[in-house]
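Written out below as structure tokens is the structure these notes cover.
Below, chains carry the letters A, B, ... as their sequence lines are ordered, and counting in each starts from 1.
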Amino acid sequence: MSFSQEIINWYHPNKRDLPWRHTTDPYIIWLSEIILQQTRVEQGLPYFYRFVEQYPNIATFAAAEEGEILRLWQGLGYYSRARNMHKAAKMVMDNHDGIFPTTYDSLIKLNGIGGYTAAAIASFSANEAKPVLDGNVFRVLSRYFGIEEAINTPKGKKLFYELALEMLDKEQPAIYNQSIMEFGALQCKPQNPDCQICPLRTSCYAKQTNKVNSLPVKIKGRISKDRYFYYFVIMDEKSGSIAIRKRGPKDIWENMYEFPLIEQAAPLSISELKNTKEFNELFGRGAELHIISTPKKHILSHQNIYATFLEVSKISKDSNKKGEWDYVLLKDLDTLAKPKLIFAFLRDYNLQ
DNA sequence: AAGGCGGGGGC
DNA sequence: GCCCCAGCCTT
């Protein structure tokens, strides 16, 4: 039996019952695919339900505010996905009369939809014969066929795409694409796959040559950078407000909310912090500082953030001349999209 | 071609 | 600590 037929035969009795597999609505499939980019099914599932509930169709999604979408995305990470979805939704309303496209060539023009997602939506919603190429497919193909070319180089991607296209079952692309991804997720797992029960074990190159643990080949990632964030919690007791700022572009957490901060490339003591030019410009010489929490390490895939939260009081009257922050009512804080580091702090210290 | 972008989970 | 996860965008 062919590789493709084996994969499909494995799928039917082993597949998970996932909600986006019960529809061919390209909008719903789009929601699920964007949510699942670089995200495990278990992590994305609750978000999928919330988004379908809140925005049952493309029109409601496009009509929402970006901040509201970001707030619903809060905690899921890679927030450019949420911002790009909003742009894509508006493009569907403006350029496609509100009808979500189902062809690969139309889909790939939308913000946040690349080669994988366009192939996924086109095949799942309209059975277009385009192969999906995600982490699962790279792994399955490299192991089964013994491809030692690195998967994260342009040369490797081209090679794997050609193989993926060759293996695609053109008569049933939707089922085949689902099958190979599910096979990668459940059977041909990254670590400790149970090859003893694999239906492809006798013809798998990696299994037969004992290379399961060395395939696929991937060029190593970069080292993480350390960043030191000193967050200032500034309460206005009279109004029940707290100081908040919105993060800008070209850095993490774009358009999300946090406290006013001073960032350093190396750790500082509290007295050193008070003597920085930045502190003086923000709050004036007379301001007082009290530590709320010792440095908390927040790990992202490419940087380590050491965040210290400090209470500031007795700030000078003419502080915030540059408009570094705004005051928001504590009761309204929940409606703003905040990174995990911030909303976890608010929760832990009962400020929300 | 390479770097940037979250957060969680497995080992 | 390192790797991976239904990747995409920018430079």
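- In this structure, A:R139 reaches the C:dC5 phosphate: one of its side-chain N or O atoms is under 4.0 Å from OP1 or OP2.
- For A:Q178, the side-chain atoms get nearest to C:dA6 when compared with the rest of C:dC3, B:dC5, C:dA6.
- Of the candidate nucleotides C:dG1, C:dC3, B:dG8, C:dG1 has the atom lying nearest to any side-chain atom of A:K297.
- By the 4.5 Å heavy-atom criterion applied to side chains, A:F345 and A:P339 are not counted as neighbours.
- Of the side-chain N and O atoms in A:Q303, one or more sit less than 4.0 angstrom from OP1 or OP2 of B:dC5.
- With C1' as the reference atom, B:dC5 and C:dC4 are 16 Å apart, rounded to whole Å.
- One finds a side-chain N or O of A:H302 lying less than 4.0 angstrom from the OP1 or OP2 phosphate oxygen of B:dC5.
- Remark: A:W253 is in phosphate contact with B:dG7, judged by side-chain N or O atoms under 4.0 Å from OP1 or OP2.
- Nucleic acid contact for A:N177: none, since no nucleic acid atom lies under 4.0 Å from a heavy atom of the residue.
- Using a 4.0 Å cut-off between a side-chain N of Lys or Arg and a carboxylate O of Asp or Glu, A:E258 and A:K338 do not qualify as a salt bridge.
- A donor N or O paired with an acceptor N or O is not found under 3.5 Å between the base of C:dG7 and the side-chain atoms of A:T117.
- The base of B:dC5 has none of its N or O atoms less than 3.5 Å from a complementary donor or acceptor on the side chain of A:R81.
- Among C:dC8, C:dC4, B:dG7, the nucleotide with an atom closest to any side-chain atom of A:H298 is B:dG7.
- In this structure, A:E182 pairs ionically with A:R16, as a charged nitrogen and a carboxylate oxygen lie closer than 4.0 Å.
- For A:K340, a side-chain nitrogen or oxygen approaches OP1 or OP2 of B:dG8 to under 4.0 Å.
- A donor-acceptor distance shorter than 3.5 angstrom exists from the side chain of A:R143 to the backbone of A:V212, with no hydrogens or angles considered.
- Picking from B:dG6, C:dC3, C:dA6 the nucleotide with the shortest atom distance to the side chain of A:Y79 gives B:dG6.
- Contacts of A:G184 with the nucleic acid, taken as non-hydrogen atoms under 4.0 Å apart, are absent.
- Side chain of A:Q38, nearest nucleotide from C:dC5, C:dA6, B:dG7: C:dC5.
- Residue contacts shown for A:G44 are absent, as no nucleic acid heavy atom lies under 4.0 Å away.
- With B:dG6, B:dA1, C:dC5 as the candidates, the nucleotide lying closest to the side chain of A:P154 is B:dA1.
- Summarising the base pairing, C:dC9 is matched to B:dG3 through a Watson-Crick or G-U wobble pair whose two defining distances lie under 3.5 Å.
- Side-chain proximity of A:Q37 to the nucleotides C:dC4, B:dG6, C:dC8 is greatest for C:dC8.
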